There are 2 protein chains.
Amino acid sequence: KEKEEEQRLCEERIRTELDRVVDFWLKYSHDKEHGGFFNCLGKDGKVYDELKYVWLQGRQVWMYSRLYRTMERFHRPEILEAAKSGAAFLQKFARVQASSGPGKCAFCLTRDGRTVKVQRTIFSECFYVMAMDELSRITQDKEMQVKLLFISYISWLMSGQDLFCLCSPQADAESMMDRLIFWVQTDSSDLGRPQLPGDLPINSMAVPMMLLCLVDQLTEGRTDVAEKYKDLSGWCVERILQHIQRDGKAILENVTLNGKELPGCQGRLQNPGHALEAGWFLLQYALKKGDVQLQKTAVDKFMEIPFHTGWDKQHGGLFYFLDVDGHCPTQLEWNMKLWWPHCEALIAYLMAYSHSREPVLLDRFKQIYDYTFTHFADEEHGDWFGYRSRQGELVLDFKGGPFKGFFHVPRCLYMCEKLLDGLLERQDS
Amino acid sequence: KEKEEEQRLCEERIRTELDRVVDFWLKYSHDKEHGGFFNCLGKDGKVYDELKYVWLQGRQVWMYSRLYRTMERFHRPEILEAAKSGAAFLQKFARVQASSGPGKCAFCLTRDGRTVKVQRTIFSECFYVMAMDELSRITQDKEMQVKLLFISYISWLMSGQDLFCLCSPQADAESMMDRLIFWVQTDSSDLGRPQLPGDLPINSMAVPMMLLCLVDQLTEGRTDVAEKYKDLSGWCVERILQHIQRDGKAILENVTLNGKELPGCQGRLQNPGHALEAGWFLLQYALKKGDVQLQKTAVDKFMEIPFHTGWDKQHGGLFYFLDVDGHCPTQLEWNMKLWWPHCEALIAYLMAYSHSREPVLLDRFKQIYDYTFTHFADEEHGDWFGYRSRQGELVLDFKGGPFKGFFHVPRCLYMCEKLLDGLLERQDS
């Protein structure tokens, strides 16, 4: 009873936070003139820079679409419109021309959509896929198709750009996904990174994690697509599991392609938040598959290890980076407390507890919850702060920046609300 | 009298520190097996990563050569040998093959010299020039030339690499310098950065600063070379002065090519340490030229402004980055206290005081000196720490890392010792 009451209070707090976070971004981030979203928002929502980051544009489209589709109270026209507007901006401007490789997406755009920077990685494209696929689940309508056709045609008339975006969001997502798979599994030369003799390909946690997340996204409720990507998800899981090192006692961020430890700082790097995120991706996958062994691995290795090594016993919170041998990491921000590892940890432990009902997992959730809500939530203006020092001082006070948008916080609150509703045996309302 | 005694104590401390810093790097950084220097040294000198960073390799060659040439007590065979060994490693491995543009230098190498990373900027090449030019001033000998010829020939036999390094350090420095000037003033496409419609060329402080420093390096005692680069130094000064903005009240790190303020975070960025470094580069140049107006500008604008805006009134020390309008910078490390801005500030104010004998400039020097020696020097193991939090806690405890090598600390101590000796009217000993 007492436990249930506690969970009910927690659910209420999370639900209220989610509402406030959605309100904040709806109110301050929309660019009504050029479309898309402002990403750089001060603590009170004021735009302090007009650059548009493609990761964050894609994530915001995804989040709006997911909320619209799956939560009754967010099934509102303004949220649908915002998702569509963001997607149209992405389809029109995110893909750069062939000099940066066919199908590459920009990393950063000017307010009016001109390319500022292209990364030689796959992540802009990943968030593009997430955005388009989730949007496709709410806009399988003629009107959207006609709009896209019109935009493509005008853009082609004006600039001679190719007509690639002349397709529905779902087709767009799938064709980008296939390109991603080609880059990762077959030939990465289109990414534009020259092959250098001292820079051998590595298995970086981010890549299989991200692809597993995309497979989950693309296959939901679509058995034909699930069949298509069946091998890929197995490949992703295998690659993720290669990061378990040191006789099962450490999760390392970078390993060789055949799952061995790499030399130097790169090889010794631990990123607890990333491991925890991989943990709930894996657990989610293992629950769907009914793979009991993998469920156990997800919790024991990808949650418990990063939690124990990553938690700051002195000041609380999760470190950003650590070195497995206790050397000082070379990242200047290694000991800072960032909002997103805490978001991932909350999802991970609540998902793990929901499944197993092991009390210790709920204790972990509560410990992380207390730190997170006292350190990142902002009672005054809404949305969350993102960056505190090891000791807990606020170091960067903005709500949106080049790597912080409308994503980790609302996804965490959304997932946790759903999970708590499940625990409380309530329906979403 | 009392002031003189204070300066004498300060000089002694600085001289002792310089000896300890040189000893530290001589003892721990030399790679006797593959040549060149280990850069990643823990607080006690232990190598924690074997990667070799070309900026730092070049800077270490420069520093050893300069100490050997200009300070009697460092005119020792082991220092000459170390400089030569580092230069041979650079000549053999730093230049990458044509796919990354002709003449490009790597940013990072494996221990045995294979390229790990190439930056699409000019700075590896700049430090290559500094290294080769300074070395050329101590090794205009047949033996060096014969060694180089032999190395080049072997490397050509084994790999079919071009025979570009078949030249003396001075010729090597000058040909690289000419390539740098071409990239900066005529055509940067060899750097490998694609032209993007939203990424217009800007005047970033680092570029004219660095080139002015190189002109100073290359022209010392060489009137023919001075004649050759006369226009370039004028161009550099003009470009540096464009960073004075806001009616002369701010130094901004990035401006447009015609000296206007840029929009957004990039345009509002201040880097006090960089401005102070530009300050002493400018003052040095203006003193040589006898340009009284420029001397005043160097001190009033490039020292006093960054000192006043950059000094942390609450906890002391210079911030790493600031936003001119008081927004929070987006760099996670913005409020950290790094060793190198303090090194540059010490040189700047001691040079300014040595010239003008204005007491207030000596007061600034003392203020920075007190913070620097209490926060960065390490009594226990020698050499300096590099990274403290705003409040003063040690955040990264290594002595060498990807951006900290044998350069800012010994250059600062070397310059300050020379300046104090000048003030004390002593000869170098």
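Chain letters run A, B, ... following the sequence lines, proteins first, then strands; residues in each count from 1. What you are looking at is a predicted structure, and each value in this text was computed from that prediction instead of being measured.
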Verify side chain to side chain contact (heavy atoms under 4.5 Å, CB included) between A:Asp325 and B:Tyr48, making sure each step is shown before the conclusion. CA-CA 10 Å; A:Asp325 286 335; B:Tyr48 64 86; over 6 Å; no
Quick one: does B:Trp334's side chain have a donor or acceptor within less than 3.5 Å of a partner on A:Val395's backbone? yes
Ranked by heavy-atom pairs below 4.5 Å to chain B, first place among A:Glu393, A:Lys117, A:Gln266 goes to A:Glu393
Looking only at non-hydrogen atoms, find the nearest pair between B:Phe398 and A:Pro329 and report the distance. CE2-O, 3.8 Å
Relative to chain B, which segment of A:Gln331 carries a heavy atom at a distance below 4.5 Å: side chain, backbone, both, or neither? backbone
Side chain, backbone, both or neither: which part of B:Pro197 has an atom under 4.5 Å from a heavy atom of chain A? both
Honestly, the part of A:Lys404 sitting under 4.5 Å from a heavy atom of chain B is neither
Quick check on A:Glu50 against chain B: is it the side chain, the backbone, both or neither that has a heavy atom closer than 4.5 Å? neither
Does any backbone or side-chain atom of B:Gln391 lie under 4.5 Å from a heavy atom of chain A? Answer side chain, backbone, both or neither. side chain
Under 4.5 Å from a heavy atom of chain A, the part of B:Lys46 involved: neither
Pairwise side-chain contact, A:Thr115 with B:Asp199, heavy-atom cut-off 4.5 Å (strictly under): no
Taking C-beta and beyond as the side chain, do B:Val116 and A:Leu196 meet within less than 4.5 Å on heavy atoms? no
B:Leu332/A:Met336 under side chain to side chain contact (heavy atoms under 4.5 Å, CB included): CA gap, chis, key distance, verdict: CA-CA 9 Å; B:Leu332 305 198; A:Met336 287 178 71; 4.1 Å; yes
Heavy-atom distances under 4.5 Å only: say whether A:Arg120 touches chain B with side chain, backbone, both or neither. side chain
Going from CG on B:Leu396 to NE2 on A:His327, what distance comes out if it is rounded to the nearest 0.5 angstrom? 14.0 Å
Structural part of B:Arg268 lying under 4.5 Å from a heavy atom of chain A: side chain
Counting only heavy atoms closer than 4.5 Å, note whether A:Asp397 contacts chain B via side chain, backbone, both or neither. both
Donor-acceptor contact present, side-chain B:Asp49 to main-chain A:Cys265, <3.5 Å: yes
May I ask you to name which of B:Leu200, B:Leu51, B:Leu109, B:Thr330 has the most heavy-atom pairs under 4.5 Å with chain A? B:Thr330
Need one label for B:Ser389: side chain, backbone, both or neither, based on atoms under 4.5 Å from any heavy atom in chain A. neither
